[in-house]
Amino acid sequence: MAVLETVPVLFQAHAEAGAAAASSSSSFLSTSTIIALTVFFALLCACIVIGHLLEENRWANESITALLLGLCSGVVVLLISKFQNSQILVFSEDLFFLYLLPPIIFNAGFQVKKKNFFKNFTTIFLFGVFGTVISFCIISLGAYFLFKKIGVANLDIQDYLAIGAILSATDSVCTLQVLSQDETPLLYSIVFGEGVVNDATSIVLFNAVQSLDISNIDAFTALNLLGTFLYLFLTSTALGIAAGLISAYIIKTLYIGRHSTDREVALMMLMAYLSYMLAELLNLSGILTIFFCGIVMSHYTWHNVTESSRITTKHAFATISFIAETFIFLYVGMDALDIDKWKKSEASPGTSVAVSSILFALVLVGRAAFVFPISNITNCMKKRESTKIELRQQFIIWWAGLMRGAVTIALSYNQFANSDKEETAEFALMITSTIIVVLFSTVVFGSITKPLIRAVLLRNAKPAVSDATDLPSLEELNISFIENSDPSEQPNTPPRRKNSLRLLISNPTRTVHYWWRKFDDKCMRPVFGGRGFVPFAPGSPSGARDDEAS
């Protein structure tokens with residue numbers, strides 16, 4: 001989501017005692033801010049310790065632990081304030097989109113197994129774009145027809161469309177917690193990749209809904225929306241790739257590591273964050289930009305730095321991402337008990353449960369409406385049985401994508417709390433119902449996903465095919481190119497080179513990978529470095545490089 005305004009004060013004081021203490025103190029720091037940060041850092045430490053103790057527990061993970069700790073902390077604050085206030089921090093879209101989300105998405109792109117991701121890119125794109133649109137339509141229409149039957153009648157068409165866009169956004173952060181890239185590489189690449197594209201699509205839909213003129217909807221509106229998405233997707237991706245290539249070229253050309261490895265690490269971090277901020281400044285998708293920037297940096301830039309910088313960046317990016325993930329779930333858990341929103345909703349417990357149940361049921365139906373059909377469509381396009389998505393894998397993809405998270409809450413606040421319209425009880429009800437859906441989906445589906453994967457997939461899993469054997473080498477593909485195209489030809493006839501188009505149609509993934517490797521080795525790596533490049537710096541390794549980045 002583009003954020004063009006000046007970043008507001010993130011931590012707001014609520015306690016009168018804290019404000020009085022701050023005014024009487026000679027320090028320029030707010031006491032309430034220090035208290036809030038102290039509490040959150042203490043909770044982060046507690047999450048790390050508890051996560052370590054529960055490492056072998058198949059039902060728990062850091063996200064659920066942080067969410068529950070946030071809820072417990074909110075209850076304590078609520079009791080101390082005698083049910084007057086439950087917030088230490090106020091939920092801020094700027095805090096989430098500018099500071100917490102970028103390191104998570106960048107690290108995911110930096111660490112992702114690119115062979116699996118691009119091998120399944122067609123499926124990921126179909127899920128992330130067409131699947132999101134299908135889910136958006138079902139949730140919007142379902143909410144429009146069902147809410148009026150339970151007495152929620154003061155929402156307009158734009159609000160219902162916004163609800164569809166808000167709840168069609170899956171949670172990429174939860175996916176990182178419950179799916180393993182090593183145990184289930186296919187599911188991880190599809191569900192997480194879908195989540196990244198899905199977030200961008202949901203935000204495009206949400207922004208389109210906010211600027212939509214309901215009185216002038218025609219056939220060109222849908223075409224305009226499609227064009228906007230394609231422009232956003234292509235330009236955001238191009239910006240991320242450009243930022244990654246620029247960083248690789250600078251580090252390769254200037255040999256920064258010969259003087260300071262700290263400068264190498266700092267340049268990588270700053271270039272990644274700069275790409276995100278430029279995307280937001282240009283009203284593009286920062287999520288897509290920084291994700292592809294991470295992919296390009298891992299393919300080129302990471303190999304151009306010294307060995308110590310490689311170790312530092314790999315662990316630094318993972319650590320910052322882990323802290324941001326944990327902070328988000330703490331933040332969401334504590335904000336869920338915002339007593340003001342619950343009071344403003346003026347809804348009975350029955351109405352609140354009914355609205356939340358309807359929303360969650362629509363999420364279930366909306367996801368099932370595209371996961372199973374699109375999976376079977378892509379299966380029909382694949383010739384190799386090993387690459388097809390089995391029914392039980394489709395079920396896990398459906399299940400793992402049901403979790404909703406901070407993106408959903410941020411968009412909900414943007415529509416119903418920061419709206420230009422006067423805030424009504426229905427608006428507050430939409431926010432509280434969204435929070436209930438997020439909490440329920442994260443705790444229930446997040447805790448059950450790992451055991452479900454082990455029960456459905458891993459118990460009777462076939463031996464996994466490694467990346468090394470799954471995608472053939474250049475030599476093997478070269479043999480495929482010069483095989484006889486017609487077996488009826490005379491044996492003495494010299495082999496005739498297969499037509500590239502025919503091979504692309506019969507083996508699209510293998511052929512694209514083959515041509516990309518040739519282009520990468522001949523044109524890209526001599527300019528931008530990458531695997532095989534030896535940095536000119538003391539202590540720089542001369543050994544083999546990690547093939548996984550290819």
Side-chain angles (χ1 to χ4, degrees), residues 1-3 93 96-97 100-102 104-105 108 124-143 158-175 190-212 222 224-233 236-237 276 279-280 283-291 328 332 359-360 362-367 369-371 374 397-398 400-416 418 430-431 434-435 437-438 441-442:
M1 176 179 295
V3 181
E93 291 177 71
F96 173 69
F97 281 107
L100 299 178
L101 191 59
I104 297 173
I105 303 301
I124 290 169
F125 188 81
L126 291 175
F127 278 179
V129 178
F130 294 101
T132 303
V133 172
I134 293 171
S135 179
F136 162 76
C137 295
I138 290 176
I139 294 173
S140 299
L141 290 173
Q158 204 166 27
D159 294 326
Y160 287 114
L161 293 175
I163 290 172
I166 290 166
L167 290 174
S168 62
T170 60
D171 190 9
S172 304
V173 182
C174 283
T175 303
I190 291 178
V191 178
F192 174 73
E194 173 212 344
V196 174
V197 180
N198 165 279
D199 286 342
T201 308
S202 300
I203 293 173
V204 170
L205 289 172
F206 182 78
N207 289 337
V209 165
Q210 287 188 317
S211 60
L212 190 64
N224 184 48
L225 188 62
L226 177 62
T228 300
F229 171 78
L230 292 176
Y231 165 79
L232 182 84
F233 184 87
S236 300
T237 302
Y276 184 88
E280 297 297 328
N283 290 326
L284 304 177
S285 171
I287 295 174
L288 277 174
T289 297
I290 202 167
F291 178 73
I328 284 175
V332 170
L359 291 177
F360 192 71
L362 291 173
V363 170
L364 294 174
V365 175
R367 183 158 182 82
F370 73 83
V371 167
I374 291 179
I397 292 172
W398 169 75
L402 292 172
M403 290 175 286
R404 298 296 181 264
V407 173
T408 300
I409 292 181
L411 294 179
S412 179
Y413 269 87
N414 185 279
Q415 174 67 21
F416 298 112
N418 301 329
M430 290 301 103
I431 292 177
T434 302
I435 290 173
V437 170
V438 169
S441 63
T442 302

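This one's a predicted model, so the numbers in the text were calculated from it and none came from an experiment.
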When every non-hydrogen atom of Ser285 is compared with those of Leu232, the smallest separation belongs to N-CD1, 3.4 Å
| Heavy-atom side-chain proximity of Phe97 to Tyr276 below 4.5 angstrom | yes
So side chain to side chain donor-acceptor pair (under 3.5 Å) across residues 402-411, not counting sequence neighbours, yields none
When you measure from the side chain of Ser168 to the backbone of Ala165, do you find a donor-acceptor pair of N or O atoms at a distance under 3.5 Å? yes
> Is there a side-chain contact between Ile287 and Phe291, using heavy atoms and a 4.5 Å cut-off?
Replying inline: no
Closest non-hydrogen atoms of Gln158 and Gln415, given as atom of the first, atom of the second and distance, are O-NE2, 4.5 Å
What one should report as the nearest heavy-atom pair of Val191 and Ala400 is CG1-CB, 4.3 Å
Output for pair (Leu411 CG, Asn207 CG), nearest 0.5 Å, gives 8.5 Å
Going by heavy atoms in the side chains, are Phe360 and Leu167 under 4.5 Å from each other? no
Just so I know, are the side chains of Asp199 and Leu101 near enough to count as touching, which here means a heavy-atom distance under 4.5 Å? no
| said: With heavy-atom distances below 4.5 Å as the criterion, would you say the side chains of Phe96 and Val407 are in contact? | reply: yes
Between the CD1 atom in Ile203 and the CG atom in Asn198, the distance rounded to the nearest 0.5 Å is 9.5 Å
CD1 (Ile139) and CD1 (Ile134) are apart, to the nearest 0.5 Å, by 12.0 Å
Evaluate Phe370 against Leu126 for side chain to side chain contact (heavy atoms under 4.5 Å, CB included), listing each step before the verdict. CA-CA 9 Å; Phe370 73 83; Leu126 291 175; over 6 Å; no
Taking C-beta and beyond as the side chain, do Thr132 and Ser202 meet within less than 4.5 Å on heavy atoms? yes
Shortest non-hydrogen pair, Ser412 vs Thr434, comes out as OG-OG1, 3.5 Å
Margin query: Between Thr201 (side chain only) and Gly128 (backbone N and O only), is there a donor and an acceptor less than 3.5 Å apart?
Written below: yes
* Close side-chain approach of Tyr160 to Val209, heavy-atom, < 4.5 Å -> no
Between the CG atom in Leu284 and the OH atom in Tyr231, the distance rounded to the nearest 0.5 Å is 5.5 Å
One should read off an interatomic distance between Ser236 OG and Ile290 CD1, to the nearest 0.5 angstrom, of 12.0 Å
> So, does Trp398 use its side chain to make a donor-acceptor pair with the main chain of Ala369 at under 3.5 Å?
Replying inline: no
- Message: Take a 6.0 Å sphere around CZ of Phe130 and say whether it holds more than 12 heavy atoms from other residues, nucleotides or ligands.
- Response: no
Problem set entry | Derivation and outcome, side chain to side chain contact (heavy atoms under 4.5 Å, CB included), residues Asp159 and Met430 | CA-CA 10 Å; Asp159 294 326; Met430 290 301 103; over 6 Å; no
The reported gap from OH in Tyr413 to CD1 in Ile166 (rounded to nearest 0.5 angstrom) is 12.0 Å
Any side-chain heavy atom of Ile397 sitting closer than 4.5 Å to one from Phe127? yes
